[in-house]
Amino acid sequence: MSESVKVERDGAVLVVTLARPEKKNALTGAMYEKLIAAFVAASDDDAVGALVIEGSGGVFCAGNDIGDFIAYAIAPGGASQLPGMRFIYALARFAKPLVAAVDGAAVGIGATLCLHCDLVYASPNARFHMPFVDLGLAPEAGSSLLLPQRFGRARAAEYLMLCEPFDAETARGGGLVNAVVDAAGLRAYALDKARALAAKPRQALLATRRLLRGDEAALIARMDDEAKAFVAALKSPEARAAFMSFMSRAKG
Ligand code: COA
């Protein structure tokens with residue numbers, strides 16, 4: 001049984017590893033809680049200058065655990081309290097530099113969290129996919145705003161409406177990925193960049209990051225809109241059918 005999320009210090013960098021490879025690093029409620037705790041720890045610790053997030057086992061992250069989606073869909077009450085929802089708001093409000101090292105599949109939140117990272121490095125095996133519509137869901141984590149900012153509306157429609165996946169080179173061309181790096185050297189490369197960020201004058205770096213990210217209120221407002229659509233969709237029969245179909249496929 002894996003640890004699910006590993007958090008380690010490397011000098012001034014906090015390295016967060018999604019460590020549930022047997023389930024392609026799909027995120028459970030407990031994993032979201034650990035990720036939120038890592039953000040809080042990084043925010044509260046002046047010695048931490050940057051955070052790296054990586055996957056394991058040749059996969060970045062297969063998105064939200066679909067079994068959890070089924071459980072939430074039938075649970076009464078406010079889905080705004082879902083750990084995944086709280087995680088994306090913590091991600092959007094996190095003030096320190098974020099670096100992603102993406103090897104293999106980055107699906108759902110695994111892809112959309114990269115839109116919040118300042119630097120994203122991907123292996124040639126990286127494959128980004130946002131199949132929200134195919135699952136009967138709506139976009140999340142501000143992706144309906146942030147994705148067209150990177151790729152333009154036409155290509156964002158291919159990724160969010162047609163749910164077409166795209167590879168590392170396409171992501172680099174669209175400005176989502178900084179560089180494509182061989183899987184063997186990916187972690188070291190991302191860590192080097194994070195160390196470089198952490199060594200910069202802190203206040204100047206944080207101010208620059210805040211300015212580059214733009215209007216946080218507009219982002220949060222869009223996430224609020226998305227959350228309403230997402231939560232309504234989560235409880236829909238079509239979403240439930242899509243989740244059940246995935247889970248029975250996996251077992252078959
Ligand atoms: N939730 C729950 N379990 C998941 C999962 C998820 N999001 N993604 C993968 N798994 C599980 C599978 O059920 C399978 O479990 P099993 O071994 O007990 O049957 C295991 O992880 C391996 O997955 P598998 O699909 O066999 O691996 P693959 O290499 O063929 O494909 C992916 C990898 C990531 C492309 C594929 O698993 C996938 O599409 N996952 C779903 C992604 C998704 O739709 N996420 C939600 C987005 S909102």
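Whatever order the structure lists them in is the order used to number ligands and atoms, beginning at 1. Not measured: the values here are computed from a predicted model.
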Inset, instruction - Could you tell me which non-hydrogen atom of Leu219 sits nearest to which non-hydrogen atom of Leu145, and how far apart they are? - result: CA-CD2, 3.9 Å
Legend entry - Any donor-acceptor pair under 3.5 Å from Asn64 side chain to Gly108 backbone: no
Inset, instruction - Consider only side-chain N and O atoms of Glu140 and Thr112, and report whether a donor and an acceptor are under 3.5 Å apart. - result: yes
Legend entry - Least distance between heavy atoms, Cys61 atom then Asn25 atom: SG-O, 3.4 Å
Inset, instruction - Any atoms of ligand 1 less than 4.0 Å from a non-hydrogen atom of Ala26? List them with their elements. - result: 1 (N), 5 (C), 6 (C), 7 (N)
Legend entry - Numbered atoms and elements of ligand 1 in range of Phe132, under 4.0 angstrom, heavy atoms: 48 (S)
Legend entry - Subset of ligand 1 atoms that lie under 4.0 Å from at least one heavy atom of Val107: 42 (C), 43 (C), 45 (N)
Inset, instruction - Indicate yes or no: does an N/O atom of Ile66 lie under 3.5 Å from an N/O atom of ligand 1? - result: yes
Legend entry - Ala62 N/O under 3.5 Å from ligand 1 N/O: yes
Legend entry - Check: Tyr89/Asp224 side-chain N/O donor and acceptor closer than 3.5 Å: yes
Inset, instruction - Determine the minimum heavy-atom distance between Phe151 and Tyr159, stating which atoms define it. - result: CD2-CE1, 3.7 Å
Inset, instruction - Taking Arg20 for its side chain and Ala26 for its backbone only, find out whether a donor-acceptor pair lies under 3.5 Å. - result: yes
Legend entry - ligand 1 atoms in contact with Glu22 (distance to a heavy atom under 4.0 Å): 20 (C), 21 (O)
Legend entry - Contact with ligand 1 for Arg249, non-hydrogen, under 4.0 angstrom: yes
Legend entry - ligand 1 contact on Leu135 by region, counting heavy-atom pairs under 4.0 Å: side chain
Legend entry - Option of least heavy-atom distance to atom 22 (C) of ligand 1 (set: Arg20, Lys24, Lys23): Lys24
